[in-house]
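Contents: one structure, followed by commentary.
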Amino acid sequence: MRLNLSEILTNPGGRIPFRYKLDLSDLEFSGYCPVAEPVQVSGEVRNSAGVLVLTAEADTNLHCVCDRCLKEFSRPQHTKLNLILASELSGEKEGDIVLLKSDTVDVSDLVTSAIILEMETKNLCSEDCQGLCPKCGKDLNEGPCSCRPEPDPRLAVLNQLLNKQ
Ligand SMILES: [Zn+2]
Ligand SMILES: [Zn+2]
């Protein structure tokens with residue numbers, strides 16, 4: 001969604017609120033598209049004493065695949081944006097500055113980048129997911145499989161010694 005900022009550019013106190021649904025279902029991330037549900041975006045651009053500030057919140061449910069057990073799960077994603085929109089870089093270092101090329105700003109672009117930045121590189125259905133057995137592929141969250149654990153080679157030597165006695 002593109003906002004036309006011309007009416008608040010020179011109008012301290014002016015604000016342009018926005019609220020809409022953003023479709024990012026085509027956004028591919030590590031081989032699949034996790035943003036399967038529409039993203040609810042709301043916020044505003046305001047002229048705060050001559051500085052344009054964009055604040056927004058984006059909420060959705062991400063559909064993920066667990067790295068360990070390969071199960072699909074969803075988790076809420078809440079992203080906050082707090083950006084300064086400027087037509088040129090000045091000395092101020094507070095917050096992230098977005099350079100405006102015209103009197104408009106593409107809110108969807110900014111929200112999309114923020115969501116990508118917050119995307120976890122690891123996806124686990126739970127912190128203590130047991131994963132799959134590397135031998136038989138059983139989901140160990142549902143209980144132990146019948147594979148025997150690999151014998152510890154040091155124990156094997158010890159057993160041989162004990163058996164000799
Ligand atoms: Zn898992
Ligand atoms: Zn197994």
Side-chain angles (χ1 to χ4, degrees), residues 1-3 16-46 52-86 93-101 104-165:
M1 186 173 93
R2 195 165 266 284
L3 288 184
I16 304 174
F18 51 84
R19 168 180 287 271
Y20 67 104
K21 284 197 167 83
L22 176 60
D23 178 12
L24 292 180
S25 54
D26 289 340
L27 183 70
E28 198 173 300
F29 199 78
S30 54
Y32 63 104
C33 300
V35 198
E37 298 177 24
V39 184
Q40 181 66 58
V41 182
S42 66
E44 64 172 17
V45 181
R46 65 175 185 278
L52 291 186
V53 181
L54 180 148
T55 49
E57 303 200 4
D59 282 287
T60 189
N61 267 314
L62 295 182
H63 291 215
C64 309
V65 177
C66 176
D67 292 338
R68 284 190 197 146
C69 70
L70 306 179
K71 224 183 290 177
E72 285 186 28
F73 66 102
S74 64
R75 92 175 122 76
Q77 169 84 15
H78 181 75
T79 306
K80 278 188 178 179
L81 284 83
N82 192 354
L83 303 165
I84 291 173
L85 311 178
K93 294 216 170 58
E94 292 164 46
D96 296 322
I97 297 178
V98 175
L99 278 183
L100 293 179
K101 297 188 190 83
T104 64
V105 63
D106 192 331
V107 178
S108 300
D109 269 3
L110 299 176
V111 169
T112 307
S113 330
I115 290 179
I116 291 173
L117 278 178
E118 282 195 1
M119 209 75 94
E120 311 254 346
T121 46
K122 257 192 169 182
N123 285 308
L124 295 180
C125 63
S126 83
E127 270 307 312
D128 51 0
C129 172
Q130 302 293 306
L132 304 178
C133 169
K135 272 182 156 177
C136 70
K138 183 177 154 63
D139 185 348
L140 299 177
N141 296 308
E142 291 163 5
C145 61
S146 48
C147 300
R148 283 196 223 195
E150 291 285 340
D152 185 325
R154 290 165 304 176
L155 277 184
V157 173
L158 199 64
N159 275 337
Q160 274 178 11
L161 288 175
L162 290 176
N163 286 341
K164 271 183 196 161
Q165 285 174 1

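Note that ligands are numbered from 1 as they come in the structure, with each ligand's atoms numbered from 1 the same way. Both backbone and side-chain heavy atoms feed into the values below; hydrogens, waters and symmetry mates do not. None of these values were measured; they are calculated from a predicted model.
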Salt bridge Asp67-Lys122, side-chain N to carboxylate O under 4.0 Å: no
Under 2.8 Å from the Zn ion (ligand 1), which protein atoms of type N, O or S occur, listed by chain and number? Cys66 SG, Cys69 SG, Cys125 SG, Cys129 SG
What are the two closest heavy atoms between Glu118 and Thr79, and how far apart are they? OE1-OG1, 3.4 Å
Neighbour count >12 (heavy atoms, 6.0 Å) for atom CZ, Arg2: yes
Under 3.5 Å donor-acceptor pairs involving side-chain atoms of residues 107-116, not counting sequence neighbours:
unit_1: Ser108; atom_1: OG; unit_2: Met1; atom_2: N; d: 2.4
unit_1: Ser108; atom_1: OG; unit_2: Tyr20; atom_2: OH; d: 2.8
unit_1: Thr112; atom_1: OG1; unit_2: Ser108; atom_2: O; d: 2.6
unit_1: Ser113; atom_1: OG; unit_2: Asp109; atom_2: O; d: 2.8

Contacts of Thr55 that satisfy side-chain hydrogen bond (donor to acceptor under 3.5 Å, both in side chains) - sequence neighbours left out: none
Listing by chain and number, what protein N/O/S atoms are under 2.8 Å from the Zn ion (ligand 2)? Cys133 SG, Cys136 SG, Cys145 SG, Cys147 SG
Using modelled atom types and a 3.5 Å cut-off, is there a donor and acceptor pairing between side-chain atoms of Ser25 and backbone atoms of Ala36? no
Looking only at side-chain N and O atoms, does Asn123 offer a donor or acceptor that is under 3.5 Å from a partner on Arg75? yes
Would you please test Leu54 and Leu81 for side chain to side chain contact (heavy atoms under 4.5 Å, CB included) and show each step? CA-CA 7 Å; Leu54 180 148; Leu81 284 83; 4.2 Å; yes
What are the two closest non-hydrogen atoms of Pro34 and Leu27, and how far apart are they? CD-O, 3.6 Å
